[in-house]
Structures are given as structure tokens and as C-alpha cells.
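Chain naming here is simple, since letters A, B, ... match the order of the sequence lines and numbering starts at 1 in each.
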Amino acid sequence: MTVVTRFAPSPTGYLHIGGARTALFNWLFAKHHGGKYLLRIEDTDRARSTPEAVDAILDGLGWLGLDWDGETVFQFARAPHHAAVARGLLETGHAYRCFATPEELEAMRADQKAKGQPMRYDGRWRDRPASDWPDRPYVVRLKAPTEGQTVVHDLVQGDVTVDNAQMDDMVLLRADGTPTYMLSVVVDDHDMGVTHVIRGDDHLTNAFRQTQLYRAFGWEPPQFGHIPLIHGPDGAKLSKRHGALGVDAYRDMGYLPEALRNYLLRLGWSHGDEEIISTEQAIAWFDVDTIGRSPSRMDFAKLANVNGHYLRAADDQRLVAMVVERLGPVDEAGQARLLAGMAGLKQRAKTVVELAESAAFYVKPRPLVLDTKATAVMAGPNRRLLQPIVACLHAVTDWQAASLEAAIRALAEAEGVKLGDAAQPLRAAVTGSTVSPPVFEVLAVLGRDEALGRLADALG
RNA sequence: GUCCCCAUCGUCUAGAGGCCUAGGACACCAGCCUUUCACGUUGGUGACGCGGGUUCGAAUCCCGCUGGGGACGCCA
């Protein structure tokens with residue numbers, strides 16, 4: 001049997017980090033087994049679904065590189081079919097009409113809560129004859145078994161059992177005739193041939209209800225795999241403050257999609273002691289039996305570290321493009337400098353944001369504005385070395401990092417100072433900062449004219 | 001309240017009865033490297049929630065407790 005997985009987000013907001021991981025796991029699982037990974041937009045909640053959210057989700061998945069097979073399915077378009085299927089259940093006696101009003105049910109729940117009883121629909125219309133039916137709208141409920149147990153053989157959690165007495169008769173069709181989520185998921189998953197439903201832990205109890213529905217239809221339920229949720233750094237539910245951001249926010253914060261994929265993969269899944277795992281390797285290794293069962297927390301420090309790995313491995317030209325995007329218009333000469341300096345730049349950054357900040361000096365116009373620490377260096381005793389440094393540099397004919405370094409080393413020795421004493425004021429003058437890639441590399445990337453020009457500016 | 005799930009360093013995790021004086025990674029601390037900052041590297045601090053069983057032997061199995069989380073909608 002060919003594996004078919006799906007990711008089924010509801011377009012009521014952006015694609016958040018938990019959803020991204022769910023998508024990733026489904027994608028990896030399908031790839032690993034040579035199956036298909038489908039995308040279905042669950043837009044049946046007309047009041048809350050928006051086209052902007054649909055775009056945000058599609059963009060997010062695209063950025064993450066989680067391409068799906070076939071056409072995107074929009075659930076709402078299939079509503080008439082869902083309704084028809086549910087009415088079929090009415091015919092077979094697996095469902096019934098419930099005329100209870102929302103107000104009535106609300107009162108029922110309030111009463112149950114007050115008495116400390118479980119809050120469940122009490123089945124008041126379950127066995128009423130047609131002669132009792134009033135002339136008003138009704139919902140269609142599943143006639144769920146009241147005895148015995150329902151078992152979900154969960155791929156991640158193992159066998160999970162619940163007494164049928166614990167579950168009430170769920171609504172399949174609303175009073176306006178539209179299908180509910182429970183109905184739509186089951187019908188769509190069945191029609192789409194989904195074999196494995198990998199989703200968040202919060203759906204575990206839904207799996208019981210859905211299993212009952214599958215039985216009512218006479219269909220074989222898919223394999224379920226409920227993965228633990230991701231919590232915020234404080235252990236509480238993910239909130240906007242700390243992680244429940246759209247993946248676009250992660251892009252803005254300067255994370256690379258491959259880094260986010262790797263980080264998310266390690267949240268709840270492992271392969272021995274492996275940490276940096278390429279997507280190819282992940283496809284080869286990934287399976288549900290190695291998914292953990294306990295919830296995990298979002299750790300930005302670790303994400304940053306992983307991102308650093310991928311940043312260092314990333315193609316220089318690609319990084320230049322990302323940096324230019326953040327720095328604004330950069331002329332050709334500037335882009336050439338960024339490219340030449342990228343190797344030294346990228347190993348010092350954890351995010352593209354940091355990368356852009358540290359790269360800015362390469363393209364800033366003269367005269368450079370020195371930061372606080374650089375200004376302090378220039379005001380210090382080693383400033384006196386600047387004059388001889390400039391003279392020394394002027395004499396260098398072969399403007400290469402190695403030659404430049406040799407010249408300054410010789411100068412430092414002649415002056416009786418450490419190399420660092422000469423390097424820092426030089427760095428401050430050409431970068432405007434006390435922190436940068438190796439200063440001789442910077443000099444080489446800048447080129448003779450620009451470098452000497454900046455030094456002239458500093459000498460004022 | 002009812003039901004369900006979970007429980008190893010601060011965090012992510014390895015661990016499928018003896019290989020565990022519990023391993024790795026991030027973070028943190030100290031050293032090395034070094035023209036700054038990083039990278040790299042060496043070492044260090046640091047965990048099996050508690051209590052009962054089962055067993056010759058338990059982080060690993062069972063039970064209880066505690067603590068987290070989730071679900072109880074004519075939302076998805």
C-alpha cells in the first residue's frame with residue numbers, strides 16, 4: 001500500500017511553528033516511504049477563514065521547501081458532498097435528527113458543570129420517533145455506540161482506549177445543513193486515500209470520534225500518529241510572545257529554511273546523537289517509531305546555533321542576495337565586496353540579520369561613522385600608530401591579505417608593539433567597529449583605494 | 001469536574017532490564033587557539049519527579065502519588 005499523508009491547516013491565521021513541524025513530519029514520512037504528501041485547506045469555518053491566511057500558509061510552506069503532491073484541496077468546496085454522505089447515515093440508521101436548540105444545550109452543559117458531571121450531550125433526541133419532530137431546523141448527530149470501547153492504535157502514543165460511554169453523539173451537520181469539521185475530515189481523508197494521519201496531540205481525542213465515524217461509514221480508519229505539541233520557552237502554551245509566530249516571522253528574524261527544518265525535526269524526533277541532519281539524510285532516517293511522546297519547548301538559542309551551521313555552509317552568492325535585501329540598494333562594486341568578504345562574514349553570524357549588520361561596513365559610504373568602541377580606540381594611545389600604518393600600507397605593492405599582514409607585522413615589530421595594538425586602530429578606521437573579519441582580509445576586500453581613503457578620513 | 005496523554009541535565013534528546021560511576025547537542029563556566037569577534041578545540045558545572053512493587057539486577061516493566069499538557073462546541 002502506498003503511503004499517503006496530508007497536512008490540513010485551517011486558514012484562520014498564519015502558519016505557525018507547530019503547524020510547520022506537523023507539515024514537515026508528514027512530508028518526511030511520505031518521502032521516506034516513497035508515498036504522497038497532500039495539502040488540504042480546511043476552510044469550512046467561513047467566518048474565520050481568510051484568503052490572506054491561505055496565502056500566508058502557502059507562502060510559508062513554499063519558503064520551507066515543503067512542496068506537496070497534486071492540487072491543493074479546499075474543503076469548503078466539497079461541503080455539499082459531505083452533507084450528502086451524512087444524510088446517507090440518516091438512511092442507514094447511524095445518525096439521527098436532533099432538534100435541541102443551542103440555548104437548550106448551553107443550559108444543559110451549565111447544569112452538568114454545576115453538578116460536577118461530565119459535559120456531554122445527553123442523547124435527548126436519540127430515540128425519538130418521527131412523530132415527535134417539531135417544525136424547526138435540526139442538526140444531524142452520529143448515533144455513537146454507548147457500550148464497549150473505542151481503541152486508537154496510535155503510531156506514536158501506542159494503543160489508546162476510551163470507554164464509549166465517555167463520548168456523546170457528535171454533530172455531523174449543523175442546523176443550516178453545513179458539515180462540521182469531524183465529518184469533513186473523515187470524508188476527505190477517506191476520499192483522498194489518506195493512509196496516515198500525522199497531526200498534533202490536541203487531536204488525539206478527536207481520533208476516537210473519527211474512528212467511530214469511520215466505523216459508521218463502514219470504512220477502515222487510517223493510521224493515526226499524534227505528535228506532542230511544542231510549548232513556549234516557559235513551558236506554557238505557545239503564545240505570540242514567544243514562538244507562535246508565522247514562519248514568515250522566522251524568515252524576518254534571519255533564519256534559513258533548511259535550519260528551521262533541521263531544528264524542527266529535532267524537536268520530538270531523534271536519530272541517536274545526530275544533530276545536524278541534511279534533508280536527504282532526514283528522509284532516509286525519518287519514521288514514526290522514533291518520534292518522542294513528550295512535549296517539547298521552543299529554544300531560540302539552539303535554533304540560532306543550528307542556523308549558524310547552515311549559514312556557514314550556505315552559498316555566498318545566495319547570502320549576498322539576502323544581505324542586499326536587508327541593506328537596501330547596493331551598487332555593483334558594493335555587491336562585489338560583499339561577495340568577496342562573505343566567507344569571512346558568514347562564519348561570524350548566527351542569523352541573516354546579524355550577517356547583514358556585520359556586512360554593512362563594506363558598503364557604507366565614506367566617511368564612515370565610527371561606533372562607540374571604535375571611537376574609544378581612536379581616542380586611545382594606539383592612535384599614534386595610524387600615521388605609520390598608513391605610510392606602511394602605501395608602500396605595499398601587492399594588495400593581498402598576506403602581504404598586508406606581513407607589512408603590518410613588520411611595522412609592529414619595528415614599533416615594539418603587539419600586532420593587536422596596530423590592528424585595532426586599523427580595524428576601527430576601515431570598519432568603524434572593533435569587531436570584524438580579519439582586518440587584512442577586510443583591507444584586501446575593500447581594495448587599495450577605498451581602504452586608504454577610509455584611513456585618510458580617520459586621520460582627518 | 002470528566003476523559004486522555006506525558007514525565008532523563010536549564011533546554012532538545014540518547015537510553016527498548018545488566019554495555020549507565022546515565023551519553024550527545026545547545027546554553028553556561030574555565031583553558032587553548034588568536035590581530036578583534038566568531039569558528040574550532042580541551043575540560044567543567046548539570047538530570048533519571050516521589051513512593052511502592054516485580055527481578056539476582058530498573059532510567060528502562062507494573063501500581064499509586066505529584067507535576068505538566070490536551071480534549072470535553074451547531075471551531076478547526
Across the strands shown, which category fits A/Thr101 at heavy-atom distances under 4.0 angstrom: base, sugar-phosphate, nothing? base
Base, sugar-phosphate alone, or nothing: which one does A/Pro437 contact when heavy atoms must sit under 4.0 Å apart? base
Can you say whether a donor on the side chain of A/Arg348 sits under 3.5 Å from an acceptor on the base of B/C37, or the other way round? yes
No-H, no-angle donor-acceptor pair, A/Glu275 side chain to B/G24 base, under 3.5 Å: yes
Passes ring pair (Phe, Tyr, Trp, His ring centres under 6.0 Å), A/Trp68 versus A/Tyr37? Steps please. CA-CA 5 Å; A/Trp68 55 97; A/Tyr37 160 71; 7.5 Å; no
B/A25 OP1/OP2 closer than 4.0 Å to side-chain N/O of A/Arg266: no
Per nearest nucleotide of RNA chain B, the residue lying toward the 5' end, A/Pro137 or A/Phe208, is A/Phe208
Would you check if A/Leu213 and A/Leu89 make a side-chain contact, meaning some heavy-atom pair closer than 4.5 Å? yes
With ring centroids as reference points, do A/Phe29 and A/His196 lie under 6.0 angstrom apart? yes
Every protein N/O within reach of nucleotides 39-42 of chain B N/O, cut-off under 3.5 Å:
{"residue": "B/C39", "atom": "OP1", "partner": "A/Lys350", "partner atom": "NZ", "Å": "3.4"}

With sugar-phosphate meaning primed atoms plus P, OP1 and OP2, does A/Arg46 contact a base, only sugar-phosphate, or nothing at under 4.0 Å between heavy atoms? nothing
Under 4.0 Å between a side-chain N/O of A/Arg120 and OP1 or OP2 of B/U2, yes or no? no
Residue-level proximity of residues 416-425 of chain A to RNA chain B when a heavy atom falls under 4.0 Å: A/Leu419, A/Gly420, A/Ala423, A/Gln424
Say whether, by atom type as modelled, one donor and one acceptor occur between the side chain of A/Arg21 and the main chain of A/Leu264 under 3.5 angstrom. no
Under 4.0 angstrom, heavy atoms only, what part of the nucleic acid is A/Ala165 near: base, sugar-phosphate, or nothing? nothing
Taking atom P in both B/C32 and B/C37, what distance in whole Å separates the two? 13 Å
B/G44 and B/A25: how far apart are their P atoms, nearest whole angstrom? 12 Å
Assign A/Ala175 to base, sugar-phosphate, or nothing according to its heavy-atom contacts below 4.0 angstrom with the strands shown. base
